[in-house]
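Side-chain atoms are counted along with the backbone in the values below, which use heavy atoms only and exclude waters and symmetry mates.
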Amino acid sequence: MTQVQDSTRTERREGAETPLIQLDHISISFDGGRSRAVDDVSLAVARGTFVSLVGESGSGKTSLLKTINGLVIPFSGHVNIEGRPIPPADHDDDIAAFRRGIGYVIQDVGLFPHMSVAENIAVTPRLLRWPESRVIERVKSLIAMVGLPEDYATRAPAMLSGGQKQRVGVARALAAEPKIVLMDEPFGALDPLTRDTLGRAYRDLHERFGLTTIMVTHDMQEAALLSDRIVVMQAGRVICDDTPRALLTQAPRPEVSDLLNLPRRQAERIRAMIEPEADPR
């Protein structure tokens with residue numbers, strides 16, 4: 001797995017320029033305000049940063065993620081991308097064009113079953129009316145970048161393994177050269193080896209393309225190894241926000257410590273299983 005990121009790099013990014021993504025006092029309600037799925041959350045994400053949103057199920061991670069591309073409309077608060085507000089949800093053409101500029105990867109992938117791998121990857125560039133020669137070249141290069149053989153371009157999604165489908169999902173998200181990629185449990189349904197391989201592969205793509213990535217995950221180890229910054233949510237609120245190194249070496253509030261200590265406890269249990277028992281003599 002990728003090594004824990006150096007905190008100085010994140011600090012430099014966070015303070016160097018106006019945030020690419022700015023969430024100001026976001027609250028989200030699905031019952032007209034009687035309860036809050038997200039409660040007064042503010043986040044600033046600098047260009048080029050990889051942020052993980054972690055927390056228990058129902059903590060508001062996915063709802064917060066979806067406000068960034070307008071899939072969820074806040075009950076209150078504002079979202080700005082590059083200093084500009086998201087187009088109103090009832091402006092169909094504007095919001096559709098806006099979403100095409102943001103890559104989106106989900107756990108279930110959502111490939112179109114009647115399209116080939118190449119056609120799935122090409123969907124957004126064709127909607128944007130790229131020249132066909134540019135579309136073909138982009139698809140070819142992305143298939144190689146996500147580690148699939150060239151001849152997979154003509155395969156149907158039903159012919160792919162889960163890991164291969166997720167590689168296509170990542171390629172599709174990157175197809176239109178977005179600045180921002182949102183990922184909702186992108187590797188959660190995969191076996192551990194494939195999950196580790198794809199996580200490292202995506203982190204390499206994040207660096208190569210200078211992406212700004214926000215990933216929802218339940219896996220603290222995954223968050224620590226891939227991210228520049230971890231935002232911990234509980235009951236709709238942010239309860240901790242720092243670099244992996246800082247969170248792992250300092251003593252945050254107890255509910256955060258429980259999440260952070262889980263990978264350490266698991267490693268200790270495995271170490272105890274493989275180390276020889278002490279000679280009682």
Side-chain angles (χ1 to χ4, degrees), residues 1-14 21 43 45-57 59 61-62 64-65 103 105-107 145-147 162-163 166-167 169-171 173-174 180-234 238-252 255-274:
M1 264 293 207
T2 310
Q3 297 298 312
V4 174
Q5 307 303 314
D6 187 345
S7 61
T8 57
R9 179 177 67 182
T10 302
E11 289 164 2
R12 185 169 59 250
R13 282 176 172 166
E14 294 293 336
I21 302 168
L43 289 175
V45 180
R47 190 182 306 272
T49 307
F50 193 128
V51 177
S52 283
L53 301 178
V54 303
E56 299 175 351
S57 296
S59 60
K61 305 182 303 295
T62 293
L64 189 65
L65 185 82
V105 185
I106 59 175
Q107 180 174 313
M145 285 179 191
V146 299
Q166 202 63 298
R167 289 177 186 271
V170 169
L174 298 177
I180 298 168
V181 177
L182 308 178
M183 310 179 82
D184 192 358
E185 291 283 353
F187 315 123
L190 304 176
D191 66 86
L193 183 59
T194 302
R195 183 171 185 158
D196 175 78
T197 301
L198 282 185
R200 288 187 289 119
Y202 178 78
R203 177 72 208 203
D204 290 343
L205 292 172
H206 168 90
E207 295 288 345
R208 183 187 305 184
F209 294 126
L211 300 170
T212 302
T213 300
I214 302 182
M215 177 178 73
V216 166
T217 179
H218 286 88
D219 190 329
M220 180 57 77
Q221 180 171 302
E222 180 176 72
L225 292 171
L226 294 179
S227 309
D228 300 311
R229 174 178 166 197
I230 297 175
V231 175
V232 183
M233 296 189 67
Q234 183 182 68
V238 171
I239 61 171
C240 200
D241 178 359
D242 216 325
T243 65
R245 186 182 301 277
L247 291 179
L248 290 166
T249 57
Q250 297 171 7
E255 56 267 51
V256 178
S257 296
D258 289 344
L259 282 171
L260 292 168
N261 287 331
L262 179 59
R264 188 178 291 117
R265 291 196 301 269
Q266 290 173 330
E268 290 170 352
R269 285 158 54 194
I270 292 172
R271 189 182 303 112
M273 292 171 62
I274 62 177

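- Counting heavy atoms from C-beta outward, M183 and V216 have side chains that stay 4.5 Å or more apart.
- L205 is listed as a side-chain neighbour of L174, based on a closest heavy-atom distance under 4.5 Å.
- K61 places a side-chain N or O within donor-acceptor distance of the main-chain N or O of E56, the cut-off being under 3.5 Å.
- A 4.5 Å side-chain heavy-atom check between F50 and I214 finds every atom pair outside the cut-off.
- At a threshold of 4.5 Å between non-hydrogen side-chain atoms, the residues Y202 and L226 do not count as touching.
- A salt bridge links D241 with R229: at least one charged nitrogen is closer than 4.0 Å to a carboxylate oxygen.
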What verdict does the side-chain contact (heavy atoms from CB on, under 4.5 Å) test give for L53 and M215, after you've listed the backbone C-alpha separation in whole Å, the side-chain angles of each residue and the deciding distance to 0.1 Å?
CA-CA 6 Å; L53 301 178; M215 177 178 73; over 6 Å; no
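- Using a distance-only test at 3.5 Å, with no hydrogens or angles considered, no donor-acceptor pair links the side chain of T49 to the main chain of V45.
- Taking both residues in full, the closest heavy atoms of A223 and P244 are given as O-CG, 4.5 Å, listed atom of the first, atom of the second, then distance.
- Rounded to the nearest 0.5 Å, atoms CG (D219) and CD (Q221) are 6.0 Å apart.
- Atoms CD1 and CG, on I180 and L211 in that order, are 10.0 Å from each other to the nearest 0.5 Å.
- The shortest distance between side-chain heavy atoms of V232 and V238 does not fall below 4.5 Å.
- Between V51 and I230, every side-chain heavy-atom pair lies at or beyond the 4.5 Å cut-off.
- Between D228 and R203 there is a salt bridge, with a side-chain nitrogen of the basic residue lying less than 4.0 Å from a carboxylate oxygen of the acidic one.
- No side-chain heavy atom of T194 sits less than 4.5 Å from a side-chain heavy atom of D196.
- Taking the side chain to side chain contact (heavy atoms under 4.5 Å, CB included) definition, one finds that Q107 meets it with E185, A189, sequence neighbours left out.
- A side-chain donor-acceptor contact under 3.5 Å links T217 and E222.
- With a 4.5 Å cut-off on side-chain heavy atoms, D242 and V231 do not count as touching.
- Smallest separation of non-hydrogen atoms from L198 and G163: CD1-O, 3.7 Å.
- Legend: residues meeting side chain to side chain donor-acceptor pair (under 3.5 Å) with S52, ordered by chain and number and at least two apart, are S227.
- For D191, the salt bridge (Lys or Arg N to Asp or Glu O under 4.0 Å) test picks out no residue, with sequence neighbours left out.
- Heavy atoms only, all atoms of each residue included: M145 and F209 are closest at SD-CZ, 3.2 Å.
- Judged by distance alone, with hydrogens and angles left aside, the side-chain atoms of H206 form a donor-acceptor pair with the main-chain N or O of G48 at under 3.5 Å.
- With sequence neighbours excluded, the residues forming a side chain to side chain contact (heavy atoms under 4.5 Å, CB included) with A173 are V105, listed by chain and number.
- Interatomic distance, CG of D184 versus OG1 of T62, reported as 3.5 Å (0.5 Å rounding).
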